[in-house]
Protein chains: 2
Amino acid sequence: MSSTTSSGPSSGQSLREISRDAVRARINEIALDLFAERGFDQVTVEQIAAAAGMSARTFHRYFPAKEDVVIGDPAHGGEFVRAVFAGRPADEPVWDSLHLSFEALVTRSPQKGGDDDRGKLSMRVLLSAASLRARSLEKHLLWARMLTPLVAERLPADDAALRAEIIVQSALACLDVALTTWANADDGTTASELLERSFATMRPQV
Amino acid sequence: MSSTTSSGPSSGQSLREISRDAVRARINEIALDLFAERGFDQVTVEQIAAAAGMSARTFHRYFPAKEDVVIGDPAHGGEFVRAVFAGRPADEPVWDSLHLSFEALVTRSPQKGGDDDRGKLSMRVLLSAASLRARSLEKHLLWARMLTPLVAERLPADDAALRAEIIVQSALACLDVALTTWANADDGTTASELLERSFATMRPQV
DNA sequence: GGCGCACTTGTCAGAGTCTGACACAAGTGG
DNA sequence: CCACTTGTGTCAGACTCTGACAAGTGCGCC
């Protein structure tokens, strides 16, 4: 599925993929506005599809589940964070490495095209429905599975696996809380600032 | 809902509630075995209901959602933990108080009637399906909302709200990781032991 | 140009979860 | 005996998600 389509285009994405991503982005935009206006549960897939000019079946070909419109591709952010973390020096305290990795994530965010408010809107919608929060936490679980081995490597052998899990989960909790309070804040507090304060609250015992 | 049914019986539960809980427990038992055998997604509500000798509609009168059979009532454990925590001395470090509260939770667990294995089975089923994990994390979110205010109270005023959230979330992460590894462990490692090690890994900065 | 090929989309049909409405049985208390 | 409450079954419906088939579109190749 992922590799050769006869003439594999070496430059990043194939034409099809570009178009696919564009449609995805459009659906996301439309759906987000509907959700923000009427609430996640009050909008049916059929309505989103209609607003985007497609059938409900086609919607599901772009997003396996309704929640995925808001959540996005779990692998994207996860891979990004993993890469940043992997690039940190091995003698840096893991907690700081994690902090920096998430910092990089929230900094690059000023989302694709839109303003910063777009990200906030997305986050607010995400927090408004229980099923969305749940799905989002599941995404973090995937991230945890990507990060934990790398963290474990840097820990003293003693109980490394368990401790790595704890540390990663706590770091994700920091990210979660920081973004949540950021989304609910009306003042200009930046996500980085909240992340900083969050990471300062806890510390792994070296 | 909770209070007077004409002649409010002062001794814990009304007769109706006892019967209701018994039916719930029975459904839970039957369903858990089916899940363990065939997998959560491969068992339909109708099949559970049939095995329990009732219609699917009746099943849903006991459990709003299929997942709830495994998850249980979120308020139960949460209220328990909240109560234990509230009883801890105010000068005890919050991290220790949280540890003790969760410790009390996992210790009282040797589930209602069954052996300890019953709890492990339940946990394993819970970990086997994504939708269950998600729902379970949501439950923890509710617990967090119950605990955070109490924790915030004990913190120095400076940034208490944010820090309380971080600490509670991290504590819940410890609980989660401890129970997860416990469920997957075949040796006789106790949950308390794992919880102990988990809580030892991180520390809030006082 | 005509031909297949890959990909996308729509329609149809179906399974599964969950909810509301109604009717019926059974136990309780006046 | 008559309400009243509660538990249950049946029926109908909304919604999400999936599989299968048919039709349309753009592309390279002969």
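The chains referred to below are lettered A, B, ... by the order of the sequence lines, with proteins before strands, and numbering in each begins at 1. FYI, side chains are in, hydrogens and waters are out, and symmetry mates aren't considered; it's all heavy atoms of this structure.
- Protein atom CZ of B:Arg20 is 14 Å distant from nucleotide atom C1' of D:dT5, rounded to whole Å.
- A side chain to side chain contact (heavy atoms under 4.5 Å, CB included) with B:Ser122 is found for exactly one of B:Val69, B:Leu32, B:Asp117, B:Ile71, namely B:Leu32.
- Between the base of C:dG10 and the side chain of A:Arg61 there is a donor-acceptor pair shorter than 3.5 Å.
- Across all strands shown, A:Glu67 has heavy atoms under 4.0 Å from sugar-phosphate atoms exclusively, and none from any base.
- A distance of 5.0 Å separates CH2 in B:Trp95 from OG in B:Ser170, rounded to the nearest 0.5 Å.
- Regarding A:His60, its NE2 atom lies at a distance of 17 Å from the C1' atom of D:dA20, rounded to whole Å.
- Taking atom CG of residue B:Asp21 and atom P of nucleotide D:dG7, one finds them 12 Å apart after rounding to whole Å.
- Atom CD1 in A:Ile18 sits roughly 16 Å away from atom P in C:dC7 (whole-Å rounding).
- When rounded to the nearest whole Å, the span between CZ of B:Phe59 and P of D:dT10 equals 17 Å.
- If you check every strand for non-hydrogen atoms under 4.0 Å, A:Ala56 touches nothing.
- Listed by residue number, B:Val43, B:Thr44, B:Val45 are the residues of residues 39-46 of chain B with a heavy-atom contact under 4.0 Å to DNA chain C.
- In this structure, B:Phe199 and B:Phe102 have tilted ring planes: the angle between them lies in the 30° to 60° band.
- In this model, the phosphate group of C:dT9 is not approached by any side-chain N or O of A:Thr58 to a distance below 4.0 Å at OP1 or OP2.
- Taking only distance into account, the side chain of A:Arg16 never meets the base of D:dG26 through a donor-acceptor pair shorter than 3.5 Å.
- A donor N or O paired with an acceptor N or O is found under 3.5 Å between the base of C:dG20 and the side-chain atoms of B:Arg57.
- Nucleotide C:dT19 holds its P atom 14 Å from the CZ atom of B:Phe63, rounded to whole Å.
- For A:Tyr62 and C:dT8, the shortest distance from a side-chain N or O to OP1 or OP2 is not below 4.0 Å.
- Here the P atom of nucleotide D:dT5 and the CD atom of B:Glu17 are 17 Å apart, to the nearest Å.
- Rounded to whole angstrom, the span from the CZ atom of A:Arg26 across to the P atom of C:dT9 amounts to 13 Å.
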- Task: Go through the steps for B:Arg38 and B:Gln47 under the test side-chain contact (heavy atoms from CB on, under 4.5 Å), then give the verdict.
- Result: CA-CA 12 Å; B:Arg38 273 184 266 165; B:Gln47 290 166 341; 3.4 Å; yes
